[in-house]
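Following: one structure in structure tokens, then a few remarks.
Predicted, not measured: the structure shown is a model, and the values here were computed from it. Numbers here are sequence positions counted from 1.
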Amino acid sequence: MTNNYRMLQNPVELAAVIKTKLSVFAIEGLGDDPIRATGALLLDLPSVINAVEAGRSGVFRLRPRVPRPKDPWDLLKKLANRRNEDVRDLYRRVVVSDDELTTPVLGSAEQ
């Protein structure tokens, strides 16, 4: 695994990968952060593991995603639209009460 994905633009580096029959995981866009690079590799590993072929070199360029938060109201609107319901009506029907928010889900630890 390498954070230096630019090595893939170097013919000497690529020749070494071919000669050694290594699989290289080049992580883009994370700078020199080995922890985030390892996390990015672990996220994509299940989908690429079967693509690694014994005795053959392979280059995997991983481009980590940067998730952005979504507005839950917008998600509820989409759900209401799929159900052909008004979003306000749906919300009023399913909203969690203040009592429900303060009631422990698993009950008291002292019994």
Side-chain angles (χ1 to χ4, degrees):
M1 175 178 70
T2 180
N3 287 352
N4 182 11
Y5 64 92
R6 288 189 176 96
M7 69 178 257
L8 301 174
Q9 298 169 354
N10 183 326
V12 175
E13 303 271 353
L14 287 174
V17 169
I18 293 166
K19 174 94 175 177
T20 58
K21 299 181 180 176
L22 288 174
S23 289
V24 175
F25 294 86
I27 316 293
E28 294 184 35
L30 296 181
D32 293 325
D33 188 336
I35 302 295
R36 288 189 65 209
T38 301
L41 174 62
L42 290 174
L43 283 172
D44 287 329
L45 196 56
S47 62
V48 299
I49 198 75
N50 293 326
V52 175
E53 296 181 33
R56 293 199 58 190
S57 56
V59 174
F60 297 89
R61 290 181 77 160
L62 305 179
R63 295 175 181 97
R65 300 163 297 279
V66 180
R68 299 278 183 222
K70 296 192 183 307
D71 184 336
W73 187 256
D74 289 339
L75 296 173
L76 189 63
K77 280 186 207 176
K78 288 179 184 178
L79 182 59
N81 285 338
R82 284 196 305 264
R83 294 170 165 227
N84 295 317
E85 294 185 52
D86 179 77
V87 66
R88 291 173 301 269
D89 292 339
L90 177 59
Y91 180 75
R92 278 191 289 270
R93 196 174 73 246
V94 299
V95 68
V96 177
S97 71
D98 290 340
D99 286 340
E100 289 172 309
L101 285 175
T102 59
T103 302
V105 175
L106 300 177
S108 174
E110 298 177 21
Q111 289 188 17

Sorted by chain and residue number, the side chain to side chain donor-acceptor pair (under 3.5 Å) partners of Arg92 (sequence neighbours excluded) come out as Asp89

Practice item. Answer with yes or no whether the hydrophobic clustering places Leu43 together with Phe25; edges join I, L, V, M, F, W, Y residues whose side-chain heavy atoms lie under 4.5 Å apart. Key: no

| When you look at CZ of Arg61, are more than 12 heavy atoms from neighbouring residues, nucleotides or ligands closer to it than 6.0 Å? | yes

When rounded to the nearest 0.5 Å, the distance separating CG of Leu75 from NZ of Lys70 is 7.0 Å

- [ ] Would you check, one step at a time, whether the test side chain to side chain contact (heavy atoms under 4.5 Å, CB included) holds for Phe60 with Val52?
- [x] CA-CA 9 Å; Phe60 297 89; Val52 175; 3.9 Å; yes

Rounded to the nearest 0.5 Å, the CG atom of Leu22 sits from the OG atom of Ser57 at a distance of 8.0 Å

Rounded to the nearest 0.5 Å, the CZ atom of Arg88 sits from the CH2 atom of Trp73 at a distance of 7.5 Å

Check: Are there more than 12 heavy atoms of other residues, nucleotides or ligands under 6.0 Å from atom CG of Asp71?
Finding: yes

Practice problem: Flag the pair Gln9 / Leu14 as yes when at least one side-chain heavy-atom distance between them is below 4.5 Å, and no otherwise. | Solution: no

Can you tell me if Ser97 and Glu100 form a side-chain donor-acceptor pair at under 3.5 Å? yes

In this structure, CG of Asn81 is separated from CG of Leu90 (nearest 0.5 Å) by 10.5 Å

Hydrophobic clusters here meaning ILVMFWY residues chained together by side-chain heavy-atom distances under 4.5 Å, can you tell me if Leu62 and Ile49 are in one? yes

Closest non-hydrogen atoms of Ala16 and Thr20, given as atom of the first, atom of the second and distance, are O-OG1, 2.7 Å

Q: Examine Leu41 and Val48 and state if one hydrophobic cluster contains both, with Ile, Leu, Val, Met, Phe, Trp and Tyr joined whenever side-chain heavy atoms are less than 4.5 Å apart.
A: yes

Closest heavy-atom pair, Ala40 versus Ile27, reported as atoms and distance to 0.1 Å, is CB-CG2, 4.2 Å

Between Val95 and Leu79, is there shared hydrophobic-cluster membership here, with clusters defined by ILVMFWY side-chain heavy atoms closer than 4.5 Å? yes

(request) Indicate, with yes or no, if Leu8 and Val12 share a hydrophobic cluster defined by side-chain heavy-atom contacts under 4.5 Å among Ile, Leu, Val, Met, Phe, Trp and Tyr. (result) no

Between Glu13 (side chain) and Asn10 (backbone), is there a donor-acceptor pair under 3.5 Å?
no

d(Thr38 OG1, Asp33 CG) to nearest 0.5 Å is 8.5 Å

Interatomic distance, NZ@Lys78 vs CZ@Arg83, rounded to 0.5 Å, equals 16.0 Å

